[in-house]
S.K.: 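Input: one structure, supplied below.
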Amino acid sequence: MNHWWRRILLSLVAVLVLVLVYAWLYRLGMATFEGEPRTYAQAIRTVIETLTTAGFGGDADDWQSTPMNLIVVMMNLTGVLLVFLALPLIVVPLFQQALEDRPPESTDLTDHVVICSYTPRSDVLAGELEAANVPYVFVDDDAELVVDLNNEGTNAIHGELDQEKTLRAANAGQADALVTDIDDETNAVVILTARELSSDLTIVSVVEDDEVASYHRYAGADEIVRPRRVLGQSLATKATTTVSAELRDTIELSEDLAVTELLVQAHSDLVGQTIPESGIRDRMGITVIGAWFSGEFVPVPGSENVIDGNTILLVAGRRDDLTELKSRTVSALRHNPDRVVVGGYGVVGRTAVETLATGGVSTCVVDRTDEPGVDIVGSVTDESVLEAADVDDSRAVILTLDDDATTIYATLVLKQVAPEVEIIARANETENIPKFYRAGAEYVLSLSTVTGRMLGSILIEDEEILTPETQFELIRTTAPGIAGRSLGDVDLRARTGCTVVAVERNGDLLTDLGPEFVVQTDDMLIVAGSDEAINRFVSFAC
């Protein structure tokens, strides 16, 4: 219960008790000192009249004795005291609280980004914008949420999302861009309304169903973002590469340089070693940009970080060297290479199935809804359903559910039913990712991460996000904040947790970057790290 409502309730109870006590005392006094008995109802009426100083009614002539007059005087003074106490302690603060809790309904920002509305997916985008010093404001129809966001220091205003007056209040006409991420139908209305306010405004729509993309473009959207489809493709790609010694999922920067993330499987020969002991850096000549240990990113893994079955290495090097390292990450135990179980058949699940089919991988789809494409109807948290899906005879299980709690529970169940099968999971909120790893998932990618990066790449000038669909972030950007300084002098790893993988200069890609390398003003740096590390780099160097 709200603090002020609790105080009001306690105050009312105290006043009621006071009235009842005074009524009892009044009845006693009238019967004892005046010989005029009163009913409890008559006594309560007189007490209330006295405490509120509204008048004394017809009993005033009956107060002849000194004790009775003292009782009445005491009630009068109590009433006056209550008024003086109630105003400063309850009434005035209550009005102040009401004013504080009223959500703002307009903003003075200009050259900003308007985001309709606030969702868990918005946090990653907000972090990207803040790091790049791009002003933004959320617009949401939940008044309590808007108040909470403002109390946390986030610009947000309250209003109906599809109303012109709301977008005017958000200064959409003076904004650089507008992002709408509500639902496909409401997004279309917002696009039409925003386009009427400004023909120059960049409008970005986040769609769930691919089929509505053309309608949104017709309504006036400049960019269409399909994060669920990208997420489904990425999860499927991970499922096809986790048990293969072939190097597939890489970002090729040049013929001699590629960046990738490698999942170390439980029975790999790397398990139990530290990065220095593994020889990845010294003997193989591969740059270890960082590693995830149970979902926590470590930019410079040392002797205290031991590789286990949940470790994901972020590495850069020659493709041949990376292929050799990839072969060392794969378990000696083999599962059916041509079968993957997909739990959940929404947009993400369907896309994963399509991607797997393209690669010649058969699937078994489990979903609660009986519809075309679903092989087994039931919950992926049900052991009997998982056994019917033969998860133990599969390469991997991809969980694409839209509820994090259910997915985490399904991961726990799967680890009991088929402990050796890889679990590739979709998360909705980035803050839940560590819980997925603790539950036993081998690889987790959140919808928030994919959405935020895709939007950030569109909205932030001079910054291109090359990897919206991976756990790590790889960007191409200028770095005016460190121009004229050497990499050794700046020490970006220590300051930000990022690694400069390569530099584009005058059309050439420079990859031999020692500590003496000096950054020039027109250089385009290719930087890798976790989302938080990249945001620190952008704030520091850009």
Side-chain angles (χ1 to χ4, degrees), residues 109 111-140 149 152-156 170 175-181 201-206 222-228 230-231 234 251 259 289-290 297 299 314 427-433 445-482 492 495-501 524-542:
L109 290 175
D111 302 324
H112 58 299
V113 177
V114 179
I115 308 173
C116 311
S117 61
Y118 182 85
T119 69
R121 297 185 296 277
S122 308
D123 288 334
V124 175
L125 173 60
E128 299 275 354
L129 295 175
E130 288 172 6
N133 291 317
V134 177
Y136 64 91
V137 62
F138 285 106
V139 183
D140 203 282
L149 288 173
E152 294 168 2
T154 300
N155 286 324
D176 283 339
L178 178 142
V179 176
T180 179
D181 183 10
L201 179 66
T202 299
I203 300 177
V204 185
S205 178
V206 180
D222 299 290
E223 299 283 350
I224 305 295
V225 174
R226 304 173 177 86
R228 288 169 179 80
V230 172
L231 178 59
S234 178
I251 294 90
V259 180
I289 298 170
F297 184 75
L314 175 55
N428 287 296
E429 301 183 37
T430 54
E431 64 184 19
N432 289 330
I433 289 179
L445 185 60
S446 77
L447 182 61
S448 300
T449 297
V450 175
T451 306
R453 289 180 186 169
M454 293 178 74
L455 292 172
S457 191
I458 294 171
L459 300 171
I460 301 174
E461 295 183 6
D462 300 325
E463 180 181 319
E464 180 185 359
I465 300 176
L466 303 175
T467 55
E469 74 291 353
T470 60
Q471 278 206 132
F472 70 94
E473 188 169 354
L474 185 71
I475 67 170
R476 179 187 284 113
T477 181
T478 57
I482 59 173
L492 288 174
R495 289 176 180 267
T496 68
C498 290
T499 298
V500 180
V501 178
M524 292 292 292
L525 276 62
I526 298 175
V527 187
S530 67
D531 288 89
E532 294 79 7
I534 289 295
N535 287 342
R536 287 193 293 269
F537 169 81
V538 171
S539 297
F540 172 70
C542 301

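Every value quoted in this text rests on a predicted model; they were computed, and no experiment measured them.
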S.K.: Under 3.5 Å, is there a donor-acceptor pair between the side chain of His112 and the main chain of Ala170?
M.R.: yes

S.K.: Under 3.5 Å, which donor-acceptor pairs link side chains of residues 127-136 to any protein atom two or more places apart or in another chain?
M.R.:
unit_1 : atom_1 : unit_2 : atom_2 : d
Glu130 : OE2    : Tyr136 : OH     : 2.4

S.K.: Is there a side-chain contact between Ile526 and Val500 (heavy atoms, below 4.5 Å)?
M.R.: no

S.K.: Output the distance between atom CZ (Phe138) and atom OG (Ser117), rounded to the nearest 0.5 Å.
M.R.: 9.0 Å

S.K.: Go through the steps for Leu492 and Ile482 under the test side chain to side chain contact (heavy atoms under 4.5 Å, CB included), then give the verdict.
M.R.: CA-CA 10 Å; Leu492 288 174; Ile482 59 173; 4.2 Å; yes

S.K.: Decide yes or no for Asp531 and Thr449: does some side-chain heavy atom of the first lie under 4.5 Å from some side-chain heavy atom of the second?
M.R.: yes

S.K.: What distance separates Ser539 OG from Arg495 CZ, expressed to the nearest 0.5 Å?
M.R.: 13.5 Å

S.K.: If you compare all heavy atoms of Val450 against all heavy atoms of Pro227, which two are closest, and at what distance to 0.1 Å?
M.R.: CG1-O, 3.7 Å

S.K.: Which pair of heavy atoms, one from Arg121 and one from Ser448, lies closest together, and at what distance?
M.R.: CA-OG, 3.4 Å

S.K.: Give the intermediate values and the outcome of side chain to side chain contact (heavy atoms under 4.5 Å, CB included) for residues Phe537 and Leu525.
M.R.: CA-CA 11 Å; Phe537 169 81; Leu525 276 62; 4.2 Å; yes

S.K.: Less than 4.5 Å apart, any side-chain heavy atom of Thr430 and any of Asp123?
M.R.: no

S.K.: Give a yes-or-no answer on whether the side chains of Tyr118 and Asp181 include a donor-acceptor pair shorter than 3.5 Å.
M.R.: no

S.K.: Would you check if Val179 and Leu459 make a side-chain contact, meaning some heavy-atom pair closer than 4.5 Å?
M.R.: yes

S.K.: Rounded to the nearest 0.5 Å, what separation is found between the CG atom of Leu455 and the CD1 atom of Ile458?
M.R.: 6.0 Å

S.K.: Evaluate the criterion side chain to side chain contact (heavy atoms under 4.5 Å, CB included) for residue pair Thr477 and Glu464; output intermediate values, then yes/no.
M.R.: CA-CA 6 Å; Thr477 181; Glu464 180 185 359; over 6 Å; no

S.K.: Is any side-chain heavy atom of Arg453 closer than 4.5 Å to one of Thr470?
M.R.: yes

S.K.: Closest approach of Cys542 and Thr478, non-hydrogen atoms and distance?
M.R.: SG-O, 3.1 Å

S.K.: Rounded to the nearest 0.5 Å, how far apart are CZ of Phe540 and CG of Asn535?
M.R.: 15.0 Å

S.K.: Could you tell me the separation between the CG atom of Leu231 and the CG atom of Leu445, rounded to the nearest 0.5 Å?
M.R.: 5.5 Å

S.K.: If the condition is side-chain hydrogen bond (donor to acceptor under 3.5 Å, both in side chains), which residues does Thr499 pass it with, not counting sequence neighbours?
M.R.: Arg493

S.K.: If you compare all heavy atoms of Leu178 against all heavy atoms of Cys116, which two are closest, and at what distance to 0.1 Å?
M.R.: CD1-SG, 4.4 Å

S.K.: Write down the atom of Ile465, the atom of Gly456, and the distance for their closest heavy-atom approach.
M.R.: CD1-C, 4.2 Å

S.K.: Would you compute the distance between atom CD of Glu463 and atom CD1 of Ile475 and round it to the nearest 0.5 angstrom?
M.R.: 4.5 Å

S.K.: Can you give me the closest heavy-atom contact between Thr467 and Leu474, atom names plus distance?
M.R.: OG1-N, 2.8 Å

S.K.: Measure from the side-chain N and O atoms of Asp222 to the backbone N and O of Ile203, and report whether any donor-acceptor pair falls under 3.5 Å.
M.R.: yes

S.K.: Could you check if a side-chain atom of Ile224 sits within less than 4.5 angstrom of a side-chain atom of Val204, using non-hydrogen atoms only?
M.R.: no

S.K.: With a 4.5 Å limit on heavy-atom distance, are the side chains of Leu314 and Val259 in contact?
M.R.: yes

S.K.: Tell me, with the steps shown, if Leu125 and Thr451 meet side chain to side chain contact (heavy atoms under 4.5 Å, CB included).
M.R.: CA-CA 8 Å; Leu125 173 60; Thr451 306; over 6 Å; no

S.K.: Verify, without hydrogens or angle tests, whether Ser122 (side chain) and Thr119 (backbone) share a donor-acceptor contact under 3.5 angstrom.
M.R.: yes

